[in-house]
Amino acid sequence: MRFSRYFVPTLKEAPAEAEVVSHKLLIRAGMVRRLTSGIYSYLPLGLRGICKVAAIVREEMNRAGASEVLLPAVQPADLWQESGRWEHYGKELLRFKDRHDRDCCFGPTHEEVVTDIIRGEIKSYRQLPLNLYQIQTKFRDEIRPRFGLMRGREFIMKDAYSFDRDDEGADKSYRAMFDAYCRIFSRLGLKYCSVEADSGSIGGSFSHEFMVLAQTGEDLIISCAACSYAANVERAELVPPRAEDIDATEPGEIEEVFTPSQQTVEEVAAFLSIQPSDIVKTILVYVDDSPVAVLVRGDHEMNEVKVKHFLNGQVLRFANPDEVKKLSGAPCGFAGPVKLKVGNIIADNALKARQGWVTGANKEDLHLKNVSLLRDAKITEWGDLRRMEKGEPCPRCGAPVDARRGIEVGHVFKLGTKYSEALKANYVDESGEDRPIIMGCYGIGVSRVLAACIEQNNDEDGIIFPPPVAPFEVMLLNLDVKNEEVSAKADEIYEYLAAKGIDVLLDDREERPGVKFKDADLLGSPMQLVLGRKGLERGIVEAKDRRSGMKVELSLDAWDKEFADWHAQVLEGWKNS
RNA sequence: CGGAGCGUGGCGCAGAUGGUAGCGCGCCUGGUUUGGGACCAGGAUGUCGCAGGUUCAAAUCCUGUCGCUCCGACCA
């Protein structure tokens, strides 16, 4: 492409709306523009980036034996009522009515639609296994879209669905997708890892997430260097205290202590000159509208996902101040398990480690000392209810774990028969018996991958695209557009590269050199070729590796070889990084 | 939805105590420049988010409303 005729509206300043680096750079580089909250237009350069990602995804999906389809974005409500998700999906599902007043929705995911196709077409075990995928725009009406393409409401996703006759086959399909995902993210040049994950509202038995490591990631990943255990914090299992670590000494009599206006754990600890780990935090929540008190150690964090699963609940919300008052009889900050009038009190395993605790007294400005949860409280059940912290023992090998931030770019689920049973997608096996198809589903956030890629590859001058993702692999700068010889040579090199199948953007704008250098760095092509009058006189083209900043001069006399060597060398550098 | 903040030329912003809108970037014209976002001169562009209200007078005060961003519950 020729820059002068292409549409690349670059910006010197980052728009105020952008918070994270990928968002700022996507806008500054003229790749995207926001239409409204969480909804973006892809401009030519952005679309090229998306297409590059999609092409790799497509190749690897095809290679893994999946067949590409394109399913409808607008879907009828009855399908969703059949699966039960019309009720359960929540407000992220964008619902509307058509002119005939029929309920519809915009697909946030396509389990219902594929399963509907499959139940109509698949009758026999002979037709299985099968894997269908698509790359398509999804819509999820997120509560709070943020970080540009990272969490949009409208986004581009690759979603695949596998159909198998039995568990063994389903596991094979899952494995095939897992491997394909590894190949995809490696080819895209991303630093990623796969972690055990919670399966969330899509449902199913087990799942893994693919995370791109980045400080701005919204997810926390627990990983163990010693045994390669890795999991999302939502999921990371904690080992209960070992028998020998338990101090069973029974404390003395319960004692009320005056703690005026000391509401937070930190305040109470400071006021009583004790550690936060000497305190039991009592968190009042509602799970599916019934009240629950969750007990965790003062220095620990409750894990809402774990609590939800522990109670087999769908929705968890915190009690509001009025409800706290009603449930505990005291304002926020003074709830405690002793004589608490909440039927369901669940406690984290870590609280088994000892007996004497400080807790709220369920009375304003009072706490209790010497509380034994076994003696003084009615604990319904104990369990793993908190978030793992950095440095805690790995559930597999006991070594201290590390915590890092990540962006979820892919997710593989083993669904089982959740949808096939709800929608009656059965097949007939060898013995003539009807059986539900075993399903799996596999997503990649294509637009998010582009953002994550920029998040991971940038510097103060702009984007540094890995070659496979770069909208243009080479940017060719003609510094003297008005000089006919220079322009003729630039055109010649442009044609040469194009003929080699290299995506090249020729900057033929009537701009000063400085503008072109700045834009080239901003747009992030991994390779820059610079041709000017001075260089042409000396018979050279200057070549810059965007990532290392290394510049070399390529002789025009030996162009074929010198360019090929340099090109290979830059690509090699990326592979080894 | 709860908490915080912001809406003023295309972009980034300034406009106390009310007096009829300005700066930088960008854009247009001409000239001088031309290897890391040039300079000079001239020029265009605003129903100050929207709707009410107070006032002789509102970007500024009041009320409502819409939109956006950020912090918490969702997820690719």
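In what follows, chains are A, B, ... by sequence order, proteins preceding strands, each numbered from 1.
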Rounded distance in Å between the [atom1] positions of [N] and [M]:
{"N": "B/rC1", "M": "B/rA59", "atom1": "P", "value": "31 Å"}
{"N": "B/rC48", "M": "B/rC25", "atom1": "P", "value": "25 Å"}
{"N": "B/rG64", "M": "B/rA4", "atom1": "P", "value": "15 Å"}
{"N": "B/rG26", "M": "B/rA44", "atom1": "C1'", "value": "13 Å"}
{"N": "B/rU60", "M": "B/rG22", "atom1": "C1'", "value": "15 Å"}
{"N": "B/rC6", "M": "B/rG49", "atom1": "P", "value": "13 Å"}
{"N": "B/rC23", "M": "B/rG43", "atom1": "P", "value": "12 Å"}
{"N": "B/rA14", "M": "B/rG9", "atom1": "P", "value": "13 Å"}

Open item on the list: Please tell me whether A/His110 and A/Tyr161 form a close aromatic pair, meaning their ring centres lie under 6.0 Å apart.
Closed with: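 When the ring centroids of A/His110 and A/Tyr161 are compared, they turn out to be at least 6.0 Å apart.
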Task: Ring centre gap for A/Tyr286 and A/Phe318 strictly below 6.0 Å - done: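 So the answer is no for these two rings.
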Task: Over-ring placement of A/Arg509 relative to A/Phe3, 6.0 Å and 45° cut-offs - done: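 Cation-pi check for A/Arg509 and A/Phe3: passes.
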Do NZ/NE/NH1/NH2 and the carboxylate oxygens of [X] and [Y] come within less than 4.0 Å?
{"X": "A/Glu323", "Y": "A/Lys326", "value": "no"}
{"X": "A/Arg235", "Y": "A/Asp384", "value": "no"}
{"X": "A/Asp519", "Y": "A/Lys12", "value": "no"}
{"X": "A/Arg533", "Y": "A/Glu485", "value": "no"}
{"X": "A/Lys91", "Y": "A/Asp141", "value": "no"}

- [ ] By nearest nucleotide on RNA chain B, pick out whichever of A/Ile143 and A/Leu149 is the more 5' one.
- [x]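 Looking at the nearest nucleotide for each, A/Ile143 comes out on the 5' side.
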Open item on the list: Can you pull out the residues from residues 43-57 of chain A that lie within a 4.0 Å heavy-atom distance of RNA chain B?
Closed with: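 Nothing qualifies; none.
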Could you tell me the Watson-Crick or G-U partner of [N], where both distances fall under 3.5 Å? Say none if there is no partner.
{"N": "B/rG22", "answer": "B/rC13"}
{"N": "B/rC27", "answer": "B/rG43"}
{"N": "B/rA38", "answer": "B/rU32"}
{"N": "B/rA57", "answer": "none"}
{"N": "B/rA51", "answer": "B/rU63"}
{"N": "B/rG2", "answer": "B/rC71"}

TODO: Could you tell me whether a side-chain N or O of A/Lys158 sits under 3.5 Å from a main-chain N or O of A/Tyr442, the two making a donor and an acceptor?
DONE: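 Yes; at least one donor-acceptor contact below 3.5 Å.
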Task: Side chain A/Glu209, main chain A/His411, donor-acceptor under 3.5 Å - done: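 No.
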Open item on the list: Do A/Gln528 and A/Asp521 pair up side chain to side chain, a donor and an acceptor below 3.5 Å, judged on atom types alone?
Closed with: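 Present: a donor and an acceptor within the cut-off.
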TODO: Rounded off to whole Å, could you give me the CD-to-P distance for the A/Glu408 and B/rC75 pair?
DONE: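 So the two atoms are 10 Å apart, to the nearest Å.
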TODO: Give the rounded distance in Å between these two atoms: CG of A/Asn303 and C1' of B/rA73.
DONE: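 It works out to 13 Å between those atoms.
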Open item on the list: Quick check: closest heavy atoms across A/Ile50 and A/Ser447, and the distance to 0.1 Å?
Closed with: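 Scanning both residues completely, I find the closest heavy atoms to be CD1-CA, 3.6 Å.
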Open item on the list: For A/Tyr6 and A/Phe472, take the angle between the two ring planes, folded into 0 to 90°, and tell me which bin it lands in: parallel under 30, tilted 30 to 60, perpendicular over 60.
Closed with: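 Ring orientation, 0 to 90° scale: perpendicular.
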Pairs under 3.5 angstrom, nitrogen or oxygen only, protein versus nucleotides 68-71 of chain B, please.
| unit_1 | atom_1 | unit_2 | atom_2 | d |
| --- | --- | --- | --- | --- |
| B/rC68 | OP1 | A/Thr36 | OG1 | 2.5 |
| B/rC68 | OP1 | A/Ser37 | N | 3.0 |
| B/rC68 | O3' | A/Arg34 | NH1 | 3.4 |
| B/rU69 | OP2 | A/Ser37 | OG | 3.0 |
| B/rC71 | OP2 | A/Arg144 | NH1 | 2.8 |
| B/rC71 | OP2 | A/Arg144 | NH2 | 2.5 |

- [ ] Report yes if the ring of A/Phe318 lies under 5.5 Å from the six-membered base ring of B/rA73 with planes under 30°, and no otherwise.
- [x]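 A/Phe318 ring does not meet the centre or angle cut-off for B/rA73; no stack.
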TODO: Could you tell me whether A/Glu92 contacts a base, only the sugar-phosphate backbone, or nothing, with contacts defined as non-hydrogen atoms closer than 4.0 Å?
DONE: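 Sugar-phosphate contact only.
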Task: Under 4.0 Å protein heavy-atom contacts per nucleotide of nucleotides 34-39 of chain B, with B for base, S for backbone only and - for none - done: SBBBB-
